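Each chain gets a letter, A, B and so on, in the order the sequences are listed, and its residues count up from 1. Since the model is a prediction, treat every value here as computed from it, not as a measurement.
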Amino acid sequence: MAVIQALNLTKVYNESEVPVRALHNINFEVTDGEFTAIVGPSGSGKSTLLHILGGLDRPSEGKVTVGGVNLNLLSSTKLIEFRLFNIGFVFQAFNLIPVLTARENVEFIMLLQKRSAQERIKRGQELLDAVGLSNRADHRPVQLSGGEQQRVAVARALASRPKFVLADEPTANLDSKAAGNLLSIMSDLNKKLGTVFLFSTHDERVIHRARRVITLRDGEIESDKNNSR
Amino acid sequence: MIYVQMAWANLWRNKNRTLITVSSVFFAVVLVLFIRSMKLGSYNHIITNTLSLYTGFIQVQGKGFNDTKSLENSMALSDTQLMSVKSINEVTSVVPRIESFALASVKNRTEGVSVTGTDPKAEAAMNGLNGRVTNGKYLDPHSKGALVGEGLARRLNVLVGDTLVLLSQGYYGMSAAGIFAVEGIIRLPLPDLDNSMLYLTLPTAQWFLSMQGRVTSLAVMIENPDKENQVAAKVRKLFSDNYDVLTWRELIPDLLQGIEFSNASGIIMLSILYLVIAFGIFGTVIMMTAERRREFSIMISIGMKPKQLSFMVFIETVVIAMLGAVSGAVASLPVLLYMKANPIPLSGQLGKTTLQYGFEPILPFLVSASLFVHQGVVVFVIALMVSMYPLWSINRINISDELRA
Ligand SMILES: Nc1ncnc2c1ncn2[C@@H]1O[C@H](COP(=O)(O)OP(=O)(O)OP(=O)(O)O)[C@@H](O)[C@H]1O
Ligand SMILES: [Mg+2]
């Protein structure tokens, strides 16, 4: 079943004198259980695409549906609520709320969802276990390494039980070891929980971990391949 | 309340940022308090000096006396009544007086004079009249003679030891006439008064005007001008409807007008200062908001509503504004109290002019609860108004742009 559908997505930035066409006529579907990479050179439109799929930005033309819901039809307030319950985010860096501990960062999103304290504590613990950080649960982001912070971000992204997790260059600031480790954790969680992961990268070291690779060039899909191992 | 906790934690997380913003509010409060304390202090100085010499803050008068100035509207004043006013907590001194007019003649000169019968001791306690004697001596309670303003003495051409004749109309139209020795010459601050004032003891004046046991006014001094109305109400309770209890605002409206006029220009200056302060705090807040754009964007992206985020930031600003306002007030207090105890001396022309008007040439500071409350609240409100900026900016943030980097 299609979790995400992108239909004729076009994004033009009109802010500068010369309009920038960041995306042009993008069409694809993401189905249950996928673990998919979006790759392409810098400026090819990866972040733009992920932001539009995640409801952080709106397309100039075309539409995105998530679980059958057309995001174009949601008001900005509704869109925030929709993100809270349906989409998990991991960004390149500084994902976490600085004043909260790792555990609190993971629980915070469930607090926004108004889940019970009992559920928050239980699920927070499980997820921190799953990303291998239960021993660092009470540390603040500044006390964690970049790799550890990204793992907490993954735990947080999953805490809300989203339909899919969007990760924009999650490994860009990590060394090879931490990058490999993060990808293994994401891949394991994808298999175990079935949550869809869609991550952008131009990092050759991690592209091969994806089972499907969509390549962008100048805002258009250049190729869309299944990685056979 | 997770947002309150987070707001609190945010303040601690970036101590420098918090400190900078708190100090911008802090210095605003200190500056405004200093300027205002000085301005209000100088008004207070003028008012207190003037009132102690003339009307007092509050006066008890016979009904209608303020309009007619006639002895028919004088009042009976018993010692018990006098003591009961004196025993009101905030009252520092009271002076019973008779104020009237007479013709004074010496040899072939005749001049109109203001006659004030007073209790020399009480008068000295209230305004240090005894210190203004330039020649001869001050009245003692049993003096039968007169104390004459310097200007008046010149006009009448009298010296200490000379005698003068006073002619007037006493209580109930009784004709009043008496011969008085000049016991002392005094210099009074306002030229008009100096040229016309003549003091007798209260018993002498009562005898002269045939009004034993009666006075025209009881002047009441208080230390804290803020308590004026409160004390007036207390005094009013002590007297029947046959008496008027008036404040200086009703007695010398000219003084009030002069002060208000001067204060209006002070307020304009103050508003400009407030504006400067507002922009100072604004600058800090803009900086702080710019620094936190990404943090805010992350929170909104994961599903926090701008409303919730704004609430958190609002709490932060309230705490900052409070810390600044309170610490500014606390730090100002000892400084202002010191300045109050050790006023700045006025030198040069300004000092001379002040002295000519009989006021001590100093710039005293006023320290009162209302000053702190007013200025503290104004700066606090400015800080809150400025803090609308982050709220406004949270609602306009382009999270997609912020999260790309
Ligand atoms: N707000 C904007 N205004 C104008 N142009 C923009 C804006 N945001 C992005 N662009 C342009 O859109 C294009 C796609 O940008 P995008 O950030 O999606 O690329 P990317 O593939 O994520 O690149 P990178 O690998 O460097 O992160 C770029 O040419 C960029 O300059
Ligand atoms: Mg990008």
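In terms of heavy-atom proximity, Arg294(B) sits nearest to Ala93(A) at NH2-O, 2.5 Å. The heavy-atom pair separating Asn10(B) from Val99(A) by the smallest distance is OD1-CG1, 3.0 Å. For the residue pair Phe89(A) and Ser301(B), the shortest heavy atom distance occurs at CE1-O, 3.4 Å.
Going from atom CE of Met6(B) over to atom CG of Leu100(A) covers 4.5 Å, rounded to the nearest 0.5 Å. Within the model, atoms CG of Leu56(A) and CD1 of Ile302(B) stand 11.5 Å from one another, a figure rounded to the nearest 0.5 Å. In this structure, His51(A) NE2 and Leu403(B) CG are separated by 5.5 Å, a value rounded to the nearest 0.5 Å. Put simply, CZ on Phe91(A) and OG on Ser297(B) are 8.5 Å apart, with the number rounded to the nearest 0.5 Å. Expressed to the nearest 0.5 Å, how far CZ of Arg404(B) lies from CG of Asp57(A) amounts to 7.0 Å.
Evaluated for a side-chain contact (heavy atoms from CB on, under 4.5 Å) with Met304(B), the options Ile80(A), Ile97(A), Leu111(A), Leu112(A) yield exactly one hit, Leu112(A).
Only the side chain of Gln308(B) has a heavy atom closer than 4.5 Å to any heavy atom of chain A. With a threshold of 4.5 angstrom between heavy atoms, Met299(B) approaches chain A through side-chain atoms but not through N, CA, C or O. Only the side chain of Ile2(B) has a heavy atom closer than 4.5 Å to any heavy atom of chain A. Heavy atoms closer than 4.5 Å to chain A are found nowhere in Phe296(B), neither backbone nor side chain. Neither the backbone nor the side chain of Ser76(A) comes within contact range of chain B, judged by heavy atoms closer than 4.5 Å.
Arg83(A) places no side-chain N or O within 3.5 Å of a backbone atom of Gly303(B) that could act as its donor or acceptor partner.
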